[in-house]
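Sequence lines set the chain letters: A, B, ... in the order given, protein chains first and strands last, and positions in each chain run from 1. The basis for the numbers below is simple: all heavy atoms, side chains too, and nothing from hydrogens, waters or symmetry mates. A quick note: this is a predicted structure, and the numbers were derived from the prediction, not measured.
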There are 2 protein chains.
Amino acid sequence: MPTLLTIPQIRIEVDSGCYLRDPQATEVGRKLLQQALLLIDKTGIEEFTFAKLAKAIDSTEATIYRYFENKHCLLNYLLSWYWASLNFRIAFEINSLSRVSEKLENFLRILVYADLNYASTSFLDMGVLHHLALTEADKVFFTHRVDEENQDRYFRHYKMVCSQLTSLIEQHNPSCQWPKSIACMLIEQSHRQLFFSDHLPSLSDVSQGKKQREEIYSYLLFLLHSTTEKSKTKRQR
Amino acid sequence: MPTLLTIPQIRIEVDSGCYLRDPQATEVGRKLLQQALLLIDKTGIEEFTFAKLAKAIDSTEATIYRYFENKHCLLNYLLSWYWASLNFRIAFEINSLSRVSEKLENFLRILVYADLNYASTSFLDMGVLHHLALTEADKVFFTHRVDEENQDRYFRHYKMVCSQLTSLIEQHNPSCQWPKSIACMLIEQSHRQLFFSDHLPSLSDVSQGKKQREEIYSYLLFLLHSTTEKSKTKRQR
DNA sequence: TCAACATGATAGTAAACCTATTATAAATGT
DNA sequence: ACATTTATAATAGGTTTACTATCATGTTGA
């Protein structure tokens with residue numbers, strides 16, 4: 001089990017390329033983020049509008065537009081916050097471990113249990129953020145504005161999580177041919193298997209019961225080990 | 001290389017749960033599908049509207065609404081068409097092969113080259129459909145209406161492709177613990193690696209040059225073999 | 001030939017998305 | 001202390017989207 005995080009008052013900094021005005025800096029901004037998270041998670045980004053959010057925080061559309069260009073940028077902010085927060089937690093919990101394989105295993109465990117064992121020190125709840133990420137995370141990439149938005153800052157926090165995992169995989173097996181692709185695949189599968197087992201069970205072997213998370217963790221471990229195992233040929237000789 | 005499909009006049013049937021009125025049955029309907037495909041592929045589903053489509057086919061919004069409830073259903077229709085078409089092609093090309101491993105390899109090859117080596121017998125171009133699927137395929141699942149829409153018919157064609165691959169994996173290794181999850185993962189990776197290598201290259205090991213497709217194919221083969229290899233423990237003894 | 005039905009034209013509503021302008025409060029300079 | 005600048009919020013409005021309704025026209029096929 002991952003240790004419970006108890007560090008108080010960590011401020012997660014989201015890259016300035018993700019907003020017009022820093023929402024964490026003002027009272028309205030913080031309230032905006034909190035309510036946006038709840039609303040988007042409840043209805044999905046498609047149904048979500050600035051008008052509804054304005055009503056929820058007892059403010060106006062114009063105010064929200066001063067913080068974010070549009071709702072997709074706001075979604076990206078929340079997801080960036082999620083990845084940044086996860087990245088911090090991973091670094092924190094993995095740092096002290098000595099063996100690379102231990103680090104890798106804990107990395108995957110944190111991905112699967114990202115919403116649990118988390119002291120809600122911060123004003124954005126990781127449980128809700130994780131649930132939001134399940135359905136909305138991919139939507140920020142798969143847009144026709146990817147190339148404009150991908151100025152290496154807009155998606156920075158997600159990329160950092162990927163590159164952390166990539167580098168561990170490379171350490172674990174320096175001759176691995178696909179460290180980046182495998183890293184992203186693992187991160188993506190940690191979400192998708194949870195979503196599929198809940199909503200499209202015919203597309204996943206993961207059950208919906210109590211063992212759900214443990215099964216996903218086993219699956220990720222299996223994927224990791226089978227794809228990053230060192231030179232099988234040698235051993236087989 | 002997969003054989004070039006030359007069978008003329010194949011009619012791909014899309015499940016009736018995907019439309020209000022069969023668009024393939026009428027002239028307007030077919031024109032609607034063709035133009036919708038081009039428009040959605042060009043601008044993305046977010047920018048796409050029935051008004052624009054109506055203008056493109058020189059008709060009215062009201063007419064289009066008689067075929068599809070909304071633009072998401074239309075997108076799902078096109079993607080269902082894509083999966084159905086792919087499914088047919090896979091069955092056709094794999095049928096004659098004897099060894100399961102051969103079937104698997106060809107399955108993956110067809111996934112990677114889905115837009116190529118395809119005689120455009122049909123009125124919907126597989127090249128454009130494949131490109132559309134790269135960015136839009138996941139969007140039909142990750143919605144808050146999944147559970148309503150997932151009446152086992154709406155996503156039928158995608159599920160069929162998955163289950164075909166699942167059953168091959170099971171034949172190849174009956175003791176495989178995650179056949180469904182691995183099948184979906186492979187299908188998904190065949191798209192994602194292409195998209196990432198084009199738009200977010202820092203998240204993929206696949207290059208953008210001439211070898212792009214071959215690299216993705218190698219990657220998929222690698223994933224398949226490493227995750228479905230039979231009882232390593234026995235061999236290692 | 002008549003009934004049934006698909007289409008096209010027209011219109012209209014409600015909401016979403018975004019901008020421009022005006023009001024208000026806080027900060028700053030003399 | 002008071003005027004001037006600055007930052008932010010409130011108000012309002014325009015455009016587009018998503019969808020529904022109605023009705024005349026044309027086509028099909030029983």
Whole Å only: how far is the [atom1] atom of [X] from the [atom2] atom of [N]?
| X | N | atom1 | atom2 | result |
| --- | --- | --- | --- | --- |
| A/L39 | C/dA16 | CG | P | 12 Å |
| B/F68 | D/dC19 | CZ | P | 14 Å |
| B/F50 | C/dA9 | CZ | C1' | 19 Å |
| B/L74 | D/dA18 | CG | C1' | 14 Å |
| A/I64 | D/dT8 | CD1 | P | 16 Å |
| B/E47 | C/dA16 | CD | C1' | 14 Å |
| B/R30 | C/dT7 | CZ | P | 11 Å |
| B/F48 | D/dC19 | CZ | P | 12 Å |

Next item on the list: Let me know, please, whether A/K71 or B/A62 comes out on the 5' side of the other along DNA chain C by nearest nucleotide.
Entry: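 On the 5' side of the pair lies B/A62.
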
Does [X] reach a base, just sugar-phosphate, or nothing at all? Heavy atoms under 4.0 Å.
| X | value |
| --- | --- |
| B/R66 | base |
| A/T60 | base |
| A/S59 | sugar-phosphate |

Checklist line | Residue from B/L75, B/L124, B/D125 passing side-chain contact (heavy atoms from CB on, under 4.5 Å) with B/L132 | finding: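 One option only clears the test, and that one is B/L75.
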
Check: Is it true that a side-chain atom of A/N76 and a backbone atom of A/Y154 form a donor plus acceptor pair closer than 3.5 Å?
Finding: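 Yes; judged by distance alone, with no hydrogens or angles, the pair exists.
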
Item checked: Backbone N/O of A/F123 and side chain of A/Q34: donor-acceptor pair under 3.5 Å ->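 Yes; judged by distance alone, with no hydrogens or angles, the pair exists.
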
Minimum-distance nucleotide (side-chain atoms of [X] versus [options]):
| X | options | result |
| --- | --- | --- |
| B/V28 | D/dA18, C/dT7, D/dA21 | C/dT7 |
| B/Y65 | C/dT7, D/dA18, D/dT17 | D/dA18 |
| A/T49 | D/dA9, C/dA16, C/dT19 | C/dA16 |
| A/A51 | C/dA16, C/dT7, D/dA10 | C/dA16 |
| A/E61 | D/dA10, C/dT7, C/dC17 | C/dC17 |
| B/Y67 | C/dC17, C/dA6, C/dA20 | C/dA6 |

Notebook entry, point to check: Which residue, B/E215, B/R213, B/Q212, forms the side-chain hydrogen bond (donor to acceptor under 3.5 Å, both in side chains) with B/S197?
Noted result: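 Checked B/E215, B/R213, B/Q212 against B/S197; only one passes side-chain hydrogen bond (donor to acceptor under 3.5 Å, both in side chains): B/Q212.
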
Check: What class does the angle between the rings of A/Y65 and A/F50 fall in, given that below 30° is parallel, 30 to 60° is tilted and above 60° is perpendicular?
Finding: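 Taking A/F50 first and then A/Y65, their aromatic rings stand perpendicular (interplane angle over 60°).
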
Note to self: I want to check one thing: is the phosphate of D/dT8, taken as OP1 and OP2, less than 4.0 Å away from some side-chain N or O of A/T26?
What the structure shows: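 The answer is no; no side-chain N or O of A/T26 sits under 4.0 Å from OP1 or OP2.
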
